[in-house]
Amino acid sequence: MLVVERPLDPVALYESVQDPSAGAAVLFSGIVRDHAPGRTDVTHLEYEAYVEQVETRIAAICAEARERWDITHLAVEHRIGTVRVGEESVVVAVSSSHRADSFAAARHIIDELKHRAPIWKKEYAAEGAEWVQGA
């Protein structure tokens with residue numbers, strides 16, 4: 001559960017949740033795309049965060065997921081700084097005994113992260129740069 005200023009490695013995060021007792025694992029990877037509503041030619045995003053609070057909130061969100069679903073392991077990383085088109089900005093990996101728990105927990109984590117974590121996103125495109133809502 002980290003906020004990092006380096007490229008994310010979804011494969012390594014996925015491998016970190018592998019366990020012989022888990023019958024399912026889910027990987028969610030949020031990738032910067034080259035467009036956004038009303039904007040074309042997005043080149044990159046810049047993320048800023050209140051790191052200590054983000055990590056506290058991610059820990060709380062993960063604790064909620066562990067209480068609601070039968071989770072074996074989970075891992076979350078969110079990138080800050082400049083993130084180019086095609087690079088991951090956030091990765092969530094969850095393993096559990098059953099696929100339904102893995103899917104539900106991963107979705108809960110990413111949805112709650114977007115709503116509750118103080119992470120700010122500035123979008124850069126041919127039309128200029130602007131702060132946009134959502135992590």
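Every heavy atom of this structure was used, including side-chain atoms; hydrogens, water molecules and symmetry mates were not.
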### Side chain proximity check, Ile71 to Ser95, heavy atoms < 4.5 angstrom
no

Scan the side chains in residues 7-17 for donor-acceptor partners under 3.5 Å anywhere in the protein, sequence neighbours excluded, and list what turns up.
unit_1	atom_1	unit_2	atom_2	d
Asp9	OD1	Val11	N	3.3
Asp9	OD1	Ala12	N	3.2
Ser16	OG	Leu13	O	2.6

### Query
Looking at Ala22 and Thr72, what are the two nearest heavy atoms and their distance?
CB-OG1, 3.9 Å

### Contacts of type side chain to side chain contact (heavy atoms under 4.5 Å, CB included), residue Ala125, not counting sequence neighbours
Arg39, Val42, Glu127

### Task
Indicate yes or no: at least one non-hydrogen side-chain atom of His35 is less than 4.5 angstrom from one of Thr40.
no

### Task
Name all residues meeting the salt bridge (Lys or Arg N to Asp or Glu O under 4.0 Å) criterion together with Glu87; count only those two or more places apart in sequence or in a different chain, and write none if there are none.
Arg79

### Task
Decide side-chain contact (heavy atoms from CB on, under 4.5 Å) for Ile109 and Phe28; before the verdict, give the C-alpha distance in whole Å, the side-chain angles of both, and the deciding distance to 0.1 Å.
CA-CA 10 Å; Ile109 292 166; Phe28 171 82; over 6 Å; no

### Message
Evaluate Val92 against Leu27 for side-chain contact (heavy atoms from CB on, under 4.5 Å), listing each step before the verdict.
### Response
CA-CA 6 Å; Val92 176; Leu27 176 71; over 6 Å; no

#### Entry: Those residues that, when tested against Arg84, pass side chain to side chain donor-acceptor pair (under 3.5 Å) (two or more places apart)
His44

### Summary
The salt bridge (Lys or Arg N to Asp or Glu O under 4.0 Å) partners of Arg6 (sequence neighbours excluded) come to Glu77

### Query
Between Ile119 and His78, is any pair of side-chain heavy atoms under 4.5 Å apart?
yes

### Task
Name all pairs fulfilling the side-chain hydrogen bond (donor to acceptor under 3.5 Å, both in side chains) condition that reach into residues 99-109, sequence neighbours left out, sorted by first residue then second.
Glu64-His108, Ser96-Ser102, Arg107-Asp111

### Message
If the condition is side chain to side chain donor-acceptor pair (under 3.5 Å), which residues does Ser97 pass it with, not counting sequence neighbours?
### Response
Asp70

#### Entry: Remaining members of hydrophobic cluster (4.5 Å side-chain criterion), Val26
Phe103

### Query
Taking side chain as C-beta onward, heavy atoms only, is Arg33 less than 4.5 Å from Val85?
no

### Query
Listed by chain and number, what are the side chain to side chain donor-acceptor pair (under 3.5 Å) partners of Gln53, not counting sequence neighbours?
none

### Task
Please answer whether the main-chain N or O of Ile80 pairs with a side-chain N or O of Glu48 as donor and acceptor at a distance below 3.5 Å.
no

### Task
Give the minimum heavy-atom separation between Ala117 and Arg57, together with the two atoms involved.
CA-CD, 4.4 Å

### Summary
Contacts of Asp19 meeting side chain to side chain donor-acceptor pair (under 3.5 Å) (sequence neighbours excluded), chain-then-number -> Ser21, His73

### Query
Per the side chain to side chain contact (heavy atoms under 4.5 Å, CB included) rule, which among Tyr124, Trp120, Trp131 passes with Glu46?
Tyr124

### side-chain contact (heavy atoms from CB on, under 4.5 Å) assessment of Leu45 paired with Lys122
CA-CA 6 Å; Leu45 303 177; Lys122 192 171 193 177; over 6 Å; no

### Task
Check side chain to side chain contact (heavy atoms under 4.5 Å, CB included) between Ala100 and all other residues, then give those that pass, not counting sequence neighbours.
none

### Query
Are any of the side-chain heavy atoms of Ser89 and Lys121 separated by less than 4.5 Å?
no

### Query
Which distance, rounded to the nearest 0.5 Å, do you find between the CD of Glu55 and the OH of Tyr50?
11.5 Å

### Message
Which residues pass the salt bridge (Lys or Arg N to Asp or Glu O under 4.0 Å) test with Glu88, not counting sequence neighbours?
### Response
none

### Message
Tell me whether Ile31 shares a hydrophobic cluster with Val76, the cluster being built from Ile, Leu, Val, Met, Phe, Trp, Tyr side chains joined at under 4.5 Å.
### Response
no

